[in-house]
Amino acid sequence: MIHISDIKTTHPRYPFVEALLHSAFPAEERRDDVQQRNNTNHNPKFHCGLLTENGNPVGLVTYWDFTDFVYIEHLAIHESMRNAGYGGQALKEFIKQTNRPVVLEVEMPRTKGDITHRRIAFYRRHGFSLRKMAYKQPPYREGDEWLPMKLMSSKRFKWLNIADTVRSTIYREVYGI
């Protein structure tokens, strides 16, 4: 069973998390290490979750805890452990612990059957819905481009009533816009 532990940079497994962020996400899809560490240690809305099974690290989940929803910024399983069900277990456990709607970004679907489609299908299998609203991920670094993305959300909630709030909260709190 997957266990999620909220950790700080002083945790002995934090280097595992940081290395996994680097290997699983290109630079334009994550903040620099100094900002990541600062959020991990000092931002009460930000959480760095270490995913373990029987005490062994298998992945990470970083997320933002807001009043009306929780935003998953990054979810990754270590490359050597992918396709073994850990991602689904982690997502199921995360949703169970959260007890609020969960929102996340996914890359725009490209060619049918590519990784973008498989990722969206994975989240759909776990109860997420792809939202049709226009959305772009703001850049993490000055000079980078805005990335066309889509939002997905768990649980059925009055999305149309909250969509603009979700987007503006993410832009303001996560990306500082």
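Keep in mind that the numbers below use all heavy atoms, side chains included, and drop hydrogens, waters and symmetry copies. A quick note: this is a predicted structure, and the numbers were derived from the prediction, not measured. Index from 1, following the sequence.
Summarising the geometry, atom NE2 belonging to His126 is positioned 11.5 Å from atom CE belonging to Met152; distances are rounded to the nearest 0.5 Å. Annotation: the span from Thr62 atom OG1 to Arg30 atom CZ amounts to 11.5 Å, rounded to 0.5 Å. Remark: Asn83 CG to Ile77 CD1 distance equals 10.5 Å, nearest 0.5 Å. Atoms NE2 and OG, from His11 and Ser5 in turn, are 6.0 Å apart once rounded to the nearest 0.5 Å. For the atom pair Tyr63 OH and Phe94 CZ, the distance stands at 5.5 Å (nearest 0.5 Å). Interatomic distance, CD1 of Ile7 versus OG1 of Thr52, reported as 10.0 Å (0.5 Å rounding).
Side chain of Thr40 to backbone of Cys48: no donor-acceptor contact under 3.5 angstrom is found.
Judged as a salt bridge (charged side-chain N to carboxylate O under 4.0 Å, His left out), the pairs with a partner in residues 165-177 (not counting sequence neighbours) are, in order, Lys45-Glu173, Asp164-Arg167. Screening residues 70-92 for salt bridge (charged side-chain N to carboxylate O under 4.0 Å, His left out) gives Arg31-Glu73 as the qualifying pairs, with residues at least two apart or on separate chains. Each ring-ring contact (aromatic ring centres under 6.0 Å, His included) pair with one or both residues in residues 27-46, not counting sequence neighbours, appears once here: Phe46-Trp64.
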Fill in: Full working for side chain to side chain contact (heavy atoms under 4.5 Å, CB included) between Val70 and Val103
CA-CA 6 Å; Val70 175; Val103 175; over 6 Å; no
Discussion item. Apply side chain to side chain donor-acceptor pair (under 3.5 Å) to residues Ser129 and Arg124 and explain how you reach the verdict.
Written reply: CA-CA 6 Å; Ser129 299; Arg124 280 186 167 144; over 6 Å; no
Item to complete: Walk me through it: do Tyr135 and Val166 pass the test side chain to side chain contact (heavy atoms under 4.5 Å, CB included)?
Response: CA-CA 11 Å; Tyr135 182 83; Val166 167; over 6 Å; no
Fill in: Stepwise side chain to side chain donor-acceptor pair (under 3.5 Å) check, Tyr71 with Glu105
CA-CA 9 Å; Tyr71 166 71; Glu105 299 167 338; 3.1 Å; yes
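Glu93 pairs by the salt bridge (Lys or Arg N to Asp or Glu O under 4.0 Å) definition with Lys96, not counting sequence neighbours. With sequence neighbours left out, Tyr14 forms a side-chain hydrogen bond (donor to acceptor under 3.5 Å, both in side chains) with no residue at all. Evaluation of the side-chain contact (heavy atoms from CB on, under 4.5 Å) rule for Pro12 yields no partner, not counting sequence neighbours. Checked against side-chain hydrogen bond (donor to acceptor under 3.5 Å, both in side chains), Thr10 has no partners two or more places apart in sequence or in another chain. By the salt bridge (Lys or Arg N to Asp or Glu O under 4.0 Å) test, Arg100 is found to be paired with Asp65, residues two or more places apart in sequence or in another chain being considered. Legend: residues meeting side-chain hydrogen bond (donor to acceptor under 3.5 Å, both in side chains) with Thr165, ordered by chain and number and at least two apart, are absent. Arg37 pairs by the side-chain hydrogen bond (donor to acceptor under 3.5 Å, both in side chains) definition with Glu18, not counting sequence neighbours.
Tracing side-chain contacts under 4.5 Å through hydrophobic residues (I, L, V, M, F, W, Y), one never reaches Phe16 starting from Tyr86; they form parts of separate clusters. Put simply, Leu50 and Leu75 are part of two different groups of oily side chains (I, L, V, M, F, W, Y) that touch within less than 4.5 Å, one to the next. Hydrophobic clustering of Ile, Leu, Val, Met, Phe, Trp and Tyr side chains at less than 4.5 Å, counting indirect connections, unites Ile2 with Phe128. Using a 4.5 Å cut-off between side-chain heavy atoms of Ile, Leu, Val, Met, Phe, Trp and Tyr, with links allowed through other members, Val102 and Val106 fall into the same hydrophobic cluster. In terms of hydrophobic clustering, with Ile, Leu, Val, Met, Phe, Trp and Tyr side chains grouped at heavy-atom distances under 4.5 Å, Leu91 and Leu60 are assigned to different clusters.
Using a 4.5 Å cut-off between side-chain heavy atoms of Ile, Leu, Val, Met, Phe, Trp and Tyr, Val34 forms no hydrophobic cluster with any other residue.
A salt bridge links Glu107 and Arg119; the closest N-O separation between the charged side-chain nitrogens and carboxylate oxygens is under 4.0 Å.
Residues Ala90 and Ile4 share a closest heavy-atom pair of O-CD1, 4.0 Å.
Using a 4.5 Å cut-off on side-chain heavy atoms (C-beta onward), Asp32 and Arg141 make contact.
When Asn38, Asn41, Asp33 are each tested for a side chain to side chain donor-acceptor pair (under 3.5 Å) with Thr9, only one passes: Asn41.
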Ignoring hydrogens and angles, write down the donor-acceptor pairs under 3.5 Å from the side chains of residues 143-151, residues two or more places apart or on other chains.
unit_1, atom_1, unit_2, atom_2, d
Lys150, NZ, Lys132, O, 3.2

